[in-house]
Amino acid sequence: MRLIARKPDAVLGLATGSTPLSTYTALVERAHAEALDLSEVRGFALDEYLGLQPGHPESYRAVITREVVEPLGLTAANIHTPDASPETIETAGDAYERAIIAAGGVDLQILGIGTDGHVGFNEPGSSFASLTRVKTLTEQTRRDNARYFESLDAVPMHCITQGLGTIRRARHLVLLAFGAAKAAAIAAAVEGPVTASQPGSVIQLHPHTTVLVDEDAAADLVNADYYRHAWANRPAWQQL
Ligand code: GLP
C-alpha cells in the first residue's frame with residue numbers, strides 16, 4: 001500500500017494459485033479503507049498455460065481478471081499476461097520481457113511456491129538466468145493443479161512463464177506460503193543450498209526478499225526461532 005501511495009502506477013508482479021488470494025483480499029480492504037485509487041497500477045502475471053481456448057476460465061488471464069483486476073478495481077489494459085497464442089508463441093517470451101523492461105521493471109513481485117519448489121512455472125532444473133519462455137509442467141504440478149480442471153488429462157502440459165532471471169530483476173520479492181504441503185519447499189527455498197533443483201532457492205540471490213509463512217509452512221525451518229527473534233526485534237523503520 002505504501003508503494004502504491006508513493007507510486008500510483010507501481011508495477012506489481014502477480015502470482016496466481018490459491019496462496020495469494022488472501023493477500024489480494026487484504027489489498028482490496030486496505031485500498032478501500034485508505035481511499036486509495038488503484039486504477040493506475042500496472043501488473044505482469046508470472047505465467048500462463050498453453051493450449052487452453054482463449055477465455056477458458058482457468059487460463060491465467062481469466063484468473064487474474066476474476067481474482068485481481070476486478071476486485072481491486074485495476075485497469076484491465078494495464079495488466080499483462082504472457083501471450084499463449086500458438087501463432088506467436090516462439091516470440092512471446094521476448095515480447096513479454098520487452099514489455100516488462102518498457103514498464104520500468106517490476107517493483108514488487110508476489111510469489112507462491114509449488115510443492116515441488118517451482119516459482120512461476122519454473123520447474124526444478126530451471127536456470128537462474130532464465131527469461132520468459134515455454135516450459136513443460138512436471139506431473140506433480142499437473143496433479144496439484146488438476147483441482148481446477150475436470151480431470152488430470154485436461155491440465156495443460158505446457159506453459160509460458162517468466163524465468164528465474166526475470167523474477168530476480170524485480171526490486172522486491174514477496175514469497176507467500178501457507179500450509180504443511182509447502183513446508184519442504186519453503187525450507188529448501190530459504191535454508192537449502194542455492195540450486196536449480198529447488199527453483200525457490202533463487203530468493204537467496206535476491207537483495208530484497210520478504211517471506212511470509214504460517215506456522216505449518218514454517219515447520220521445517222531450522223532457524224525459525226531466529227526469524228521470530230529478528231521479527232520481534234525488527235527496527236521501527238523496517239516494514240514490508
Ligand atoms: C501454480 C502457479 C504458481 C503458484 C503455485 C502454487 O501452479 N503457477 O505461480 O505459486 O503453483 O499454487 P498454490 O498457491 O495454489 O498452492
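Just follow the structure's listing: the first ligand is 1, and inside any ligand the first atom is 1.
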Checklist line | Contact atoms of ligand 1, heavy-atom distance to Y60 under 4.0 Å | finding: 1 (C), 2 (C), 7 (O), 8 (N)
Checklist line | Closest protein heavy atom (residue, atom, distance) for atom 16 (O) of ligand 1 | finding: K182 NZ, 2.7 Å
Check: Can you tell me if N223 and R228 form a side-chain donor-acceptor pair at under 3.5 Å?
Finding: no
Notebook entry, point to check: In terms of residue, atom name and distance, what is the protein heavy atom nearest to atom 12 (O) of ligand 1?
Noted result: G17 CA, 4.0 Å
Checklist line | Taking atom 14 (O) of ligand 1 as the reference point, the nearest protein heavy atom with its distance | finding: T19 OG1, 2.5 Å
Checklist line | Within reach of ligand 1, part of A15 (heavy-atom separation under 4.0 Å) | finding: neither
Note to self: If the cut-off is 4.0 Å to any non-hydrogen atom of N145, which atoms of ligand 1 fall inside it?
What the structure shows: 1 (C), 7 (O)
Notebook entry, point to check: What atoms of ligand 1 come closer than 4.0 angstrom to any heavy atom of G112?
Noted result: 10 (O)
Margin query: Please confirm whether the ring centroid of F149 lies under 6.0 Å from the ring centroid of Y49.
Written below: yes
Next item on the list: Classify the side-chain pair Q162/T132 by whether it contains a donor and acceptor separated by less than 3.5 Å.
Entry: no
Notebook entry, point to check: Between S85 and D83, does any side-chain donor sit less than 3.5 Å from a side-chain acceptor?
Noted result: yes
Notebook entry, point to check: Any salt bridge between E58 and R147, counting N to O under 4.0 Å?
Noted result: no
Next item on the list: Looking only at distances, please establish whether an N/O atom of ligand 1 is found under 3.5 Å from an N/O atom of F121.
Entry: no
Notebook entry, point to check: How close does the nearest protein non-hydrogen atom get to atom 11 (O) of ligand 1, and which residue and atom is it?
Noted result: H118 NE2, 3.0 Å
Checklist line | Plane angle bin for F121 and Y60 - parallel if under 30°, tilted between 30 and 60°, otherwise perpendicular | finding: parallel
Checklist line | Cluster check V134, V119: I/L/V/M/F/W/Y, side chain < 4.5 angstrom | finding: no
Notebook entry, point to check: In the protein, what heavy atom is nearest to atom 9 (O) of ligand 1, and what distance, to one decimal place, separates them?
Noted result: G120 O, 3.6 Å
Note to self: Could you tell me, atom by atom, which parts of ligand 1 come under 4.0 Å of a heavy atom of I113?
What the structure shows: 6 (C), 10 (O)
Notebook entry, point to check: Does a side chain donor of either E123 or T141 reach within less than 3.5 Å of an acceptor in the other side chain?
Noted result: yes
Margin query: Show me which atoms of ligand 1 lie under 4.0 Å from any heavy atom of S18.
Written below: 13 (P), 14 (O), 15 (O), 16 (O)
Margin query: Any nitrogen or oxygen of R147 lying under 3.5 Å from a nitrogen or oxygen in ligand 1? Just yes or no.
Written below: yes
Note to self: I'd like the name of whichever of D47, T16, L111 reaches closest to atom 8 (N) of ligand 1 through any heavy atom.
What the structure shows: D47
Note to self: Between Q140 and T115, is there a side-chain donor-acceptor contact under 3.5 Å, judged purely by atom types and distance?
What the structure shows: yes
